[in-house]
Amino acid sequence: MARMRTSPWRKISVNLAELCLDTTLRCGQSFRWKKSEDDVWSCALHGRILSLRQDATHLHYRAKFPDSAYEPLTPSPEQKSTGKAFEEDDTEALVQHYLNLGPNLTDLYEQWSTADTNFKNKAPKFTGVRILRQDAWEALVGFICSSNNNIIRISQMMEKLCLHYGPFIGEVDSRRYYDMPAPSTLTAPGVEAHLRQLGFGYRAKYLHRTAVMISEEQESAWLNSLRNPESPVMGIKATDAGEMLPGGREGYRRAHEELLTLQGVGPKVADCICLMGLGWGEAVPVDTHVWQIAQRDYKFGRGKHSSLTKATYDAVGDKFRSLWGKEAGWAHSVLFTADLRAFAERLSKNIEVKEVKQEHTETVLTETQVKAEILTPVRLKREFGEEEFPPIAVKKIDARQIKRRRRT
DNA sequence: ACGAGACCTACAAA
DNA sequence: ATTTGTAGGTCTC
């Protein structure tokens, strides 16, 4: 067992409106964070295991480094006297950078609420949802895996990928942490078959082919050239990204277009990478959830935009950019999170659940019918263990369904 | 342009 | 105990 060096817990003053770790790390933008019983989130990042914990007033963080990360260097006398080794120096910077703590989220929520009553109604139960600044390559891999998939399995796939191809970083709470493998690690001919064997399905080919393409362009240099220059990687100075247009800034549009050349990357995945991996705040990924939201709350789904074609996809993005502005993708993420099954409990609190008979007619659902369908007890039921069943919903559920649950 | 199918798999629900 | 539906889409006709 390699010797590791663990830094003491340190803290940054952050309130829950600026960052809600529990929501942000579970809402499907990152797939590698693991939570332990004591509400500590951990992930292998930048050659260390970064651990995060939050209370009402502070974000607490610490890093655990493998031996090899510091052994070749000698701590300075000052570092020795303060007990602060050199490698911790950039951990706060890493936390600030990764969690994207720069923008004032409280102000942004205020701005979006003023512009949009629907946002104003939905957002209060989903405060502190912040877009992370993930590594572009990690975002690319994660979102290629996301197609026709769910968050649980995407996370399992990322875990397997790191376990089999990534570097071992260390152990925390008897869990082993592996970092993301570099693109060149996935370029060997046998990788596709192996990934299939590991359960990646048809995405195995996409990952292999994408890894080859990225690798040919000097690892991730090409990918990082597509970044928003106002949101550079650590250590690079920010420069202006140009003026905002209805379809997004020039650089965003170019990044999106270029990403489409990769296998397994369509418009939605490209937008996820733009938003979460490349720092383009105006990118609005339109997936099934967002399409439902656009139909239910923003009058899409009829006439010209009755189905989610390429033209409709762009129109939805344009609509949200005109409504929410330059950080439309951030606002989109709040509503997206509100729509996730994993967070359904927050919606059920003050909601009257109505019985709805599911009629499968050809007619388009009215707005009220669509709403009611989403709040049907059958759908809510999946979200809760029996003990935390919302009283209102449980009253409406057929007793037979509960019996059946117990048997298995 | 637009619409239909096929595509891997794990996991819950019936 | 099996079968079916589904989950933050993309590619190919």
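Bear in mind the structure is a predicted one, so any value in this text is a computation, not a measurement. All chains are named by letter (A, B, ...) in the order of the sequence lines, taking the proteins before the strands, and each is independently numbered beginning at 1.
Nearest nucleotide to the side chain of A:Q156, out of B:dC11, B:dC2, C:dG9: B:dC11. Among the nucleotides C:dG9, C:dT10, C:dG8, the one closest to the side chain of A:N148 is C:dG9. When distances run from any side-chain atom of A:Y206 to the nucleotides C:dC11, C:dG8, C:dG9, the shortest one goes to C:dC11. Which of C:dT10, B:dC8, C:dG8 sits closest to the side chain of A:V269 comes down to C:dT10.
In this structure, A:R341 reaches the C:dA7 phosphate: one of its side-chain N or O atoms is under 4.0 Å from OP1 or OP2. For A:Q197, no side-chain nitrogen or oxygen approaches OP1 or OP2 of B:dC8 to under 4.0 Å. An OP1 or OP2 oxygen of B:dC11 is reached within less than 4.0 angstrom by no side-chain nitrogen or oxygen of A:R153. A sub-4.0 Å separation between OP1 or OP2 of C:dT10 and a side-chain N or O of A:S147 is absent. Look at A:S307 and you'll find a side-chain N or O under 4.0 angstrom from OP1 or OP2 of B:dG3. Dashed line: the shortest gap from a side-chain N or O of A:T288 to OP1 or OP2 of C:dG9 is under 4.0 Å.
The side chain to side chain contact (heavy atoms under 4.5 Å, CB included) with A:Y177 is formed by just one residue from the set A:R48, A:E171, A:R32, A:K34; it is A:K34. Checking each of A:V265, A:V269, A:D271 against A:L259 for a side chain to side chain contact (heavy atoms under 4.5 Å, CB included) leaves exactly one that passes, namely A:V265.
Ring-plane geometry between A:W324 and A:F320 is classed as parallel, the angle between the planes falling under 30 degrees on a 0 to 90 degree scale with a further cut at 60.
Within the structure, ring-ring contact (aromatic ring centres under 6.0 Å, His included) pairs that include any residue of residues 123-151 of chain A comprise A:F31-A:F143 (at least two apart or interchain).
With sequence neighbours excluded, the residues forming a salt bridge (charged side-chain N to carboxylate O under 4.0 Å, His left out) with A:K310 are A:D314, listed by chain and number.
Spacing of P atoms, C:dT4 relative to B:dA6, comes out at 16 Å, to the nearest Å. For the C1' atoms, the distance linking B:dC2 with C:dC13 amounts to 12 Å, nearest Å.
A:V286 comes within 4.0 angstrom of no nucleic acid atom, judged by non-hydrogen atoms across all strands. Across all strands, A:P285 comes closer than 4.0 Å to base atoms (heavy-atom distances). The residue A:C27 sits close to a base: some heavy atom pair falls under 4.0 Å. Looking at heavy-atom distances under 4.0 Å, A:R196 makes contact with sugar-phosphate atoms alone, never a base. Looking at heavy-atom distances under 4.0 Å, A:G199 makes contact with sugar-phosphate atoms alone, never a base. Here A:Q29 lies in heavy-atom contact (under 4.0 Å) with a base. Within the nucleic acid shown, A:L262 comes within 4.0 Å of sugar-phosphate atoms alone, with no base atom in reach, counting heavy atoms only.
DNA chain B contains the following stems of three or more consecutive Watson-Crick or G-U pairs, with both distances under 3.5 Å: B:3-7 with C:9-13, B:9-14 with C:2-7.
Atom OG1 of residue A:T312 and atom CD of residue A:Q295 lie 9.5 Å apart, to the nearest 0.5 angstrom.
What separates CZ of A:F143 from P of C:dA7 is a distance of 17 Å, to the nearest Å. Atom CD1 of A:I151 and atom P of C:dT6 are 18 Å apart (whole Å). Atom-to-atom, CG of A:L195 to C1' of B:dA10 comes out at 17 Å; the value is rounded to the nearest Å.
A:Q29 has its side chain within reach of A:Q134: a pair of non-hydrogen atoms, C-beta onward, lies under 4.5 Å apart.
The side-chain tip of A:R10 does not point at the ring of A:Y61 from less than 6.0 angstrom away and within 45° of straight on.
At a cut-off of 3.5 angstrom, counting only N and O atoms as typed in the model, there is a donor on one side and an acceptor on the other between the side-chain of A:K268 and the base of C:dG8. One can find a donor-acceptor pair under 3.5 Å joining the base of C:dG9 and the side-chain atoms of A:Y202.
Remark on DNA chain C: of its neighbouring residues A:L260 and A:C272, the 5'-side contact belongs to A:C272, judged by nearest-heavy-atom nucleotide.
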